[in-house]
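Here the structure is laid out as structure tokens; the discussion comes afterwards.
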Number of protein chains: 2
Amino acid sequence: MAAQFTVHGRLWIEGPDGSILGHGRVELLEQIEALGSLSAAAGALDMSYRYAWKLVKSMNEHSDTPLLKLNAGGRGGGHATLTEAGKAAVAAYRRTDREFEQFLADQTDKLPG
Amino acid sequence: MAAQFTVHGRLWIEGPDGSILGHGRVELLEQIEALGSLSAAAGALDMSYRYAWKLVKSMNEHSDTPLLKLNAGGRGGGHATLTEAGKAAVAAYRRTDREFEQFLADQTDKLPG
DNA sequence: TTGCGTTATGCATACCTGTGCATTACGATA
DNA sequence: TATCGTAATGCACAGGTATGCATAACGCAA
């Protein structure tokens with residue numbers, strides 16, 4: 001029997017400085033790490049470059065230590081890289097998110113018929 | 001030591017018919033049950049009557065069995081009551097939500113430094 | 001049958017999120 | 001120094017969410 005009703009949710013981590021790290025931002029950071037470019041990362045996520053740039057701007061503004069470094073110009077036009085703080089933040093979120101997925105599945109099973 | 005970072009989230013239940021029951025709708029249903037009036041419930045939640053009415057409309061439209069019954073006119077001008085299905089839905093959501101709160105607290109504790 | 005307060009609903013509006021387009025700034029390398 | 005593709009940023013706009021105002025429909029009770 002497939003479950004009639006399903007439990008869904010969204011998860012994010014808030015820092016003392018008001019920073020917010022949720023699903024969208026983490027995916028963006030991961031793509032940046034993988035592709036080395038903000039514009040490529042935005043494209044891979046079907047997200048507008050305009051908005052992706054706004055996200056990283058707010059991330060870096062709100063965090064004590066920046067999560068990533070953007071470089072305009074240079075070889076290939078520019079590039080983007082995660083800082084150690086950025087990599088750590090992504091890892092922490094992923095750990096929490098994995099347990100969250102499990103939680104949602106468990107709760108869906110617990111729902112009445 | 002208080003936690004520097006905290007885990008937050010939102011939770012909702014989706015039905016096979018596309019119905020959605022989240023925090024806001026559940027609070028509205030609870031207030032309706034307590035106060036017996038949609039207009040009073042909206043007021044108690046600092047929500048516009050206009051929007052509260054739209055919420056219950058979409059809830060009843062998407063659910064096979066309506067979650068509540070609205071009556072215009074009559075003694076006192078009208079009144080609103082939860083159906084049995086509505087009460088059951090609220091109870092199911094609250095059960096899940098209680099465990100979710102616990103989950104968030106646990107995950108916050110697990111976060112690094 | 002009139003009055004009352006509630007439900008019912010349209011219309012205009014504001015905010016937030018996210019898109020799309022256009023243009024400029026940048027800087028290593030050829 | 002000229003080139004090239006990326007980062008940086010302004011402006012206009014669309015869609016969802018939520019508000020506020022105005023007005024009609026409703027139906028029991030006095």
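In what follows, every chain begins at residue 1, and chains take the letters A, B, ... in the order their sequences are listed. Because the structure is predicted, anything quoted here is derived from the model rather than measured.
Contact annotation: the side chain of A/L111 never approaches that of A/T6 to less than 4.5 Å [non-hydrogen atoms, C-beta and beyond]. Residues A/L28 and A/L38 meet the side-chain proximity criterion, which asks for heavy atoms closer than 4.5 Å.
Counting to the nearest Å, the P atom of C/dT7 and the CG atom of B/L55 are 14 Å from each other. Straight-line distance from the CZ atom of B/R75 to the C1' atom of D/dC26: 14 Å, rounded to whole Å. Taking atom CH2 on B/W12 and atom P on D/dT17, their separation rounds to 12 Å, with Å as the unit. Nucleotide C/dT6 holds its C1' atom 17 Å from the CD atom of B/Q31, rounded to whole Å.
Every pair tested for salt bridge (charged side-chain N to carboxylate O under 4.0 Å, His left out) that includes a residue from residues 54-73 of chain B fails, sequence neighbours excluded, so the list is empty. Applying the salt bridge (charged side-chain N to carboxylate O under 4.0 Å, His left out) test to every pair with at least one member in residues 83-95 of chain A, sequence neighbours left out, gives these pairs: A/E30-A/R94, A/E84-A/K87, A/R94-A/D97.
Nearest heavy-atom pair across B/Y49 and B/A42 is CA-CB, 4.0 Å. The heavy-atom pair separating A/L35 from A/A44 by the smallest distance is CD1-CB, 4.0 Å.
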Nucleic acid footprint by protein, nucleotides 1-11 of chain D - heavy-atom cut-off 4.0 Å, B for base, S for sugar-phosphate alone: ----BBBBBBB
